[in-house]
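Start at 1 with the first residue, then count along the sequence. Ligands are counted one by one from 1 in listed order, and the atoms in each one are counted from 1 as well.
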Amino acid sequence: MKWMIVKKAEELANVSYQLLKQEILRHPEGLTIGLATGSSPLGVYEEWRKDQLDCRHVTTVNLDEYVGLSPDHPHSYHTFMKEHLFETVTFKESYLPIGNTADPVEESDRYEHLVRTLGIDIQLLGIGSNGHIAFNEPGTPFDAKTHVTELTESTRLANQRFFDRLEDVPSEAITMGIGTIMEAKKILLVASSERKAEAIRDMMEGPATVDCPATILQRHADVMVVLDEEAASLLSEEAKRTGRAAYTNFMK
Ligand code: F6R
């Protein structure tokens, strides 16, 4: 695992977008990028929208979608992606799980097959304050494939800010599994704010355990973590020094 620590949110967005852009430019023949929703990637998507990079050779595939919400539902992840990226940047193709399907289990299997067929070159991830990645909540087996999952109360509370009321936050989601995510060739995880500090410390410096799903990333060969100072605040002093130096080197 490699990591960089930046001071401000703008730097976090900029450096993360630059890493994605490097990958896009490195693959003129086409590539697949795994995308996330939530607050963490918002700045990255803003940079992407501003850059006007030709992405017509890029396929995107999102991590998850709420069960029960149609693609055009105002709070669906389809709508989120449309508003923050797809309306401005033209991709070859973009996929998310279909949330309002009659059979979410069958939809999970279909999506797993799709993701494996496409093959993800680089996966963008956020992290939950309980250490979840995508919607793989604590306790999810490390080899899980795309599946239907019940959202924990803490995740529903954290995501309430996107909805009018807690009752409106769906209780289930279709999510890529941890095993699915681990198949990605590269992983880029971004985290900001002290809300994430404990999960980040556990992910980087704790033992690999299903109690903190992100700890599995210690076993992936190519992971870059981009953090702000608050998210990095509980790391050892040595890890902080390494992360700050890595950012300075990257900017040279
Ligand atoms: C989103 C996703 C989630 C979020 C995580 C962090 O597609 O899969 O795992 O990345 O819940 O959310 P934010 O970024 O809103 O703090």
Side-chain angles (χ1 to χ4, degrees), residues 9 12-13 16-17 20 33-46 60-67 69 71 73 75-86 94-99 108 111-112 115 120 122-140 144-163 169-182 184 187-200 202-203 210 212-217 223-228 230-232:
L12 187 104
S16 305
Y17 176 64
L20 286 180
I33 303 187
L35 296 176
T37 57
S39 334
S40 307
L42 282 178
V44 181
Y45 296 156
E46 192 181 337
T60 71
V61 59
N62 264 75
L63 288 168
D64 37 27
E65 177 60 285
Y66 290 116
V67 168
L69 302 196
H73 188 284
H75 298 309
S76 74
Y77 283 166
H78 278 81
T79 301
F80 178 100
M81 290 309 300
K82 221 186 276 170
E83 283 174 0
H84 293 287
L85 198 60
F86 299 160
S94 292
Y95 300 100
L96 291 94
I98 305 295
S108 303
Y111 202 71
E112 174 74 15
V115 172
I120 297 175
I122 182 162
Q123 174 68 55
L124 178 62
L125 290 180
I127 182 172
S129 46
N130 63 1
H132 72 222
I133 46 174
F135 278 133
N136 294 281
E137 300 282 20
T140 309
K145 298 188 165 59
T146 303
H147 60 282
V148 180
T149 183
E150 203 167 310
L151 303 182
T152 61
E153 212 45 30
S154 74
T155 297
R156 292 185 67 237
L157 278 168
N159 288 4
Q160 185 187 348
R161 64 194 191 281
F162 296 111
F163 292 79
V169 185
S171 53
E172 289 182 330
I174 294 174
T175 180
M176 276 191 212
I178 297 176
T180 326
I181 293 169
M182 288 293 281
I187 291 180
L188 170 62
L189 185 144
V190 297
S192 61
S193 91
E194 58 159 337
R195 262 192 325 123
K196 304 295 173 71
E198 247 177 73
I200 288 296
D202 292 350
M203 174 182 86
V210 294
C212 178
T215 56
I216 186 67
L217 300 178
V223 178
M224 173 57 84
V225 182
V226 186
L227 303 169
D228 69 1
E230 284 187 17

Q: Looking only at heavy atoms, is any part of R161 under 4.0 Å from ligand 1, and if so is it the side chain, the backbone, or both, or is it neither?
A: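 Only the side chain of R161 comes within reach of ligand 1.
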
Q: By number and element, which atoms of ligand 1 are closer than 4.0 Å to a non-hydrogen atom of D64?
A: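 Result: 1 (C), 2 (C), 7 (O), 8 (O).
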
Q: Does T37 approach ligand 1 within less than 4.0 angstrom via side chain, backbone, both or neither, non-hydrogen atoms only?
A: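 It is both parts that get close, each with some atom under 4.0 Å.
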
Q: Answer yes if the ring centres of Y66 and F163 are under 6.0 angstrom apart, and no otherwise.
A: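 Yes, they do, as the ring centres are separated by less than 6.0 Å.
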
Q: Mind checking whether T175 contacts ligand 1 via backbone (N, CA, C, O), side chain (CB onward), both or neither, at a 4.0 Å heavy-atom cut-off?
A: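 Contact part for T175 vs ligand 1: neither.
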
Q: Identify the heavy atoms of G38 and F80 that sit nearest to each other, and give their distance.
A: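 Distance-wise, the nearest heavy atoms are O-CZ, 3.3 Å.
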
Q: Atom OG of S171 and atom CD of E153: how far apart are they, to the nearest 0.5 Å?
A: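 So the OG of S171 and the CD of E153 are separated by 9.5 Å.
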
Q: From the options G128, S40, A36, A173, select the one whose nearest heavy atom is closest to atom 14 (O) of ligand 1.
A: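 Nearest heavy atom to atom 14 (O) of ligand 1 lies in S40.
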
Q: Show which atoms of ligand 1 fall inside a sub-4.0 Å distance from at least one heavy-atom site of L63.
A: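 Taking each heavy atom of L63 in turn, ligand 1 has 8 (O) under 4.0 Å.
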
Q: Taking the side chain as C-beta and beyond, is there a heavy-atom pair between P170 and L69 under 4.5 Å?
A: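 Side chain of P170 against side chain of L69, heavy atoms only: contact under 4.5 Å found.
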
Q: If you apply the rule side-chain hydrogen bond (donor to acceptor under 3.5 Å, both in side chains), what do you find for S129 with E198, and how did you get there?
A: CA-CA 7 Å; S129 46; E198 247 177 73; over 6 Å; no

Q: Give me the residue, atom name and distance of the protein heavy atom closest to atom 6 (C) of ligand 1.
A: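 The closest one turns out to be I127 O, 3.4 Å.
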
Q: With nothing but distance in play, are any N or O atoms of H132 less than 3.5 Å from an N or O of ligand 1?
A: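 Indeed, backbone or side chain, H132 has an N or O that close.
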
Q: For atom 10 (O) of ligand 1, what is the nearest protein heavy atom, given as residue, atom name and distance?
A: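 Checking every protein heavy atom, the shortest distance to atom 10 (O) of ligand 1 gives G126 CA, 3.4 Å.
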
Q: Specify the protein heavy atom at minimum distance from atom 9 (O) of ligand 1: its residue, its atom name, and the distance to 0.1 Å.
A: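 It is A134 O, 2.7 Å.
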
Q: With a 6.0 Å cut-off (strictly less than), is the heavy-atom count around CD of Q160, excluding the residue itself, greater than 12?
A: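 Buried by this count: over 12 neighbours within 6.0 Å.
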
Q: Could you tell me the residue and atom name of the protein heavy atom closest to atom 12 (O) of ligand 1, and the distance to it rounded to 0.1 Å?
A: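 Of every protein heavy atom, K196 NZ, 4.3 Å lies nearest to atom 12 (O) of ligand 1.
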
Q: Keeping H147 on the side-chain end and K145 on the backbone end, is there a donor-acceptor pair under 3.5 Å?
A: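 Present.
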
Q: Have E112 and T180 got a donor and an acceptor in their side chains that come within less than 3.5 Å?
A: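 A pair is found: one side chain offers a donor N or O, the other an acceptor, under 3.5 Å apart.
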
Q: List ligand 1 atoms under 4.0 Å from R195, heavy atoms only on the residue side.
A: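 Those atoms are 16 (O).
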
